[in-house]
Structures are given as structure tokens and as C-alpha cells.
Protein chains: 2
Amino acid sequence: MTGTRPYSGLIEKLKSVGLRPTRQRLALSRLLFGGDGEVRDRHVTAEQLHGEALENGIRVSLATIYNTLNQFTRAGLLREVVVEPGRSYFDTNVADHHHFFFEDSGRLMDIPDESVELARLPDAPSGATVRRVDIIIRLEEEE
Amino acid sequence: MTGTRPYSGLIEKLKSVGLRPTRQRLALSRLLFGGDGEVRDRHVTAEQLHGEALENGIRVSLATIYNTLNQFTRAGLLREVVVEPGRSYFDTNVADHHHFFFEDSGRLMDIPDESVELARLPDAPSGATVRRVDIIIRLEEEE
DNA sequence: ATACTTGCAAATCGTTTGCAATACC
DNA sequence: GGTATTGCAAACGATTTGCAAGTAT
């Protein structure tokens, strides 16, 4: 079942989460997730993705970028990472993992999963369940 | 050395970080840090604090609330916690600690320091130093 | 054909800023 | 008195929304 059409995987990916594979969603998926199954690890803001889209001759409005990123996030294709007030990053790596955040440059970087380990985790307050644990290591780039 | 004047501690507190103890800064300090040395543990947004101030008959503009919260944060009296895009929380607990975040209600709660323990922490990427490690446990309130 | 998507511009939200009036030392 | 601080309103950046036009099934 190896598709011969390019990006057929992406079409399936979108369909499988109940989103119509429209021209712009496909184009953005290609930028975000890469042409084929290859796993990319990207952290993008809406602005960045918009810029990239334009560079690649994809005409999309910023509003659509936002809507698409939010839909993808709701569908579980992306994960939102909040590090700074007033800026949202979307992470193509949906697996459990944590982040380095370079405060000066605003860059975000995945931390390999094996290199962080929690020895002790508190119980969730009663009446609540843990949805996710986010660890952000804030860095200062020296001199 | 037990001061007899109420809130004299707050005046000192402000002076010690180089901020003039103005009427509004004192009033806000009282709301944030409590009347006397007592340690309060508060997580407020600018809006919340503004509301509280008004309720207590303190006339401050929202702009001043923002400026004050930022000054206090820069001065090390508060700590900013980012959990959601588009909303900033300020924490009166400046010591090293982590947070529970109730996603549904938007409430933030301190995690006792002893109940979290990192067994392994990655090395900072070369050329960078760790400024701070933030752990946020996102919770879902059940049923 | 019909429901879902898109683009655009306007609206909104949280936050910051400029500047004249005011309070602190 | 001189400088720091405040309030107000306007400015701001990021994000969302309403609606008419376009597109997927």
C-alpha cells in the first residue's frame, strides 16, 4: 500500500481526524509534518508559519493559519506549548516530552525524553486527574 | 523590633528594592503580601488584582496594576507564571516551586516543594545556563 | 447540492505607552 | 523643587470572529 501520489499520507492523516484535506490544510501540513512519513520536529508560531507559507508561494491568510493550527491541535496533530505571555508555539511532536526555552532568542527545543526523569510526582488534588506534565527549562545564553 | 505601625514592613520591603512606597503600591502590596510578615500564597492576574483593589476602595487604574506587577516582578517580589496564552499570573511565592494548573477553571496552585523531585535533568545545551526549571502539572477536574 | 472552508476586515483581548497632572522625598 | 509615579486614553500585538465567496464531497 505504498502510495505513489505524493503526500497521500497527509490526505489520510487529515481525513482520519475528520478534517477535509483542503488545499491550504494540505500545504500547511506539508510544511509542518514534511512530505512523507518522516518525523519532523518543529516549533512554530502562527506568524512564522504564515511567513513560510508565503515564501513557498502558498497563499493563505493569517486567520486561516490560526484556525488551522487550532484545529490541528484539537485534533491531536499538534501540541501547544506556552512559554511566554503573548506568544504561542505549536509543536509537531505530540509525544510526551519536555522543552528547553532560550529566553533571549525565544527559541524552543525538545529535550530528549530519556534525559529527564521525575523521581517523585505529587498526587493530583482530589477530584482531579493529571492531563499532562510540562517541564520547561528556561535558559540564558551566556555572553 | 516588633513594629507597632501597621504595614511598616511593607514600606521597608518596597524601599529595599528601590521602589517608592506610594499609596497605590502600598495598597497593592497589602493585598498581595498581606498586612504583616505573614506569608501569603497568591496567584493573581492583573484583572483580578484590579477587581480586588476596587472592591477594597482602592482607586487604581489597570495600567498602574500592570506597571506595578511588572515592577514587583523585576524587583523579585513576584514571579510570573505562564500557563495559558494570553493571560499572565503573578505568584507571591518567589521560592523555587512548581504548579498545578486546573485547565477548566484556570486556577493555579502551588505544589509543595518536597513532593516533586527530578531524578535526572539534562545538561543545558552548550553555551547556555539554566535560569529556572518550571514544572506545570495540568489537571482536569473530573466529572 | 450542500455543508465545510476560506479570506478579509473588523472586533476583541490582554497588555503597554505617551503625556499631563500629581505625589513623594 | 525636582524626580518618580499615576491616570487616562490611545496604541499595540496576538488572536478570534462575522460574513460573503469559494471549494470539497
Quiz item: Should the ring pair F102(A) and F100(A) be called parallel, tilted or perpendicular, given that the plane angle runs from 0 to 90° and is split at 30 and 60?
Solution: tilted
Quiz item: Salt bridge or not for E103(A) and R132(B), using N-O below 4.0 Å?
Solution: no
Exercise. Please figure out whether S88(B) or Q71(A) has its closest DNA chain C nucleotide nearer the 5' end.
Key: Q71(A)
Quiz item: Base, sugar-phosphate alone, or nothing: which one does P85(B) contact when heavy atoms must sit under 4.0 Å apart?
Solution: nothing
Quiz prompt | Closest to the L62(B) side chain, choosing from dT6(D), dT5(C), dT15(C) | solution = dT15(C)
Self-check item: Residue N70(A), side-chain heavy atoms: nucleotide from dT5(D), dT25(D), dT16(D) that is nearest
Solution: dT16(D)
Self-check item: Nearest listed nucleotide, side chain of Y66(B), among dT15(C), dG7(D), dG7(C)
Solution: dT15(C)
Self-check item: Whole-Å gap separating C1' (dT25(D)) and NZ (K15(A))
Solution: 9 Å
Quiz item: Of the nucleotides dT6(D), dA24(D), dC8(C), which has the atom closest to the T22(B) side chain?
Solution: dT6(D)
Self-check item: DNA chain C: 5'-proximal contact among A46(B) and R20(B) (nearest heavy atom)
Solution: A46(B)
Self-check item: Rounded distance (Å) that lies between atom C1' of dC4(C) and atom CZ of R23(A)
Solution: 14 Å
Quiz item: In whole angstrom, what separates F90(A)'s CZ from dA14(D)'s C1'?
Solution: 11 Å
Quiz item: What's the closest nucleotide to the A63(B) side chain, out of dT6(D), dA9(C), dC8(D)?
Solution: dC8(D)
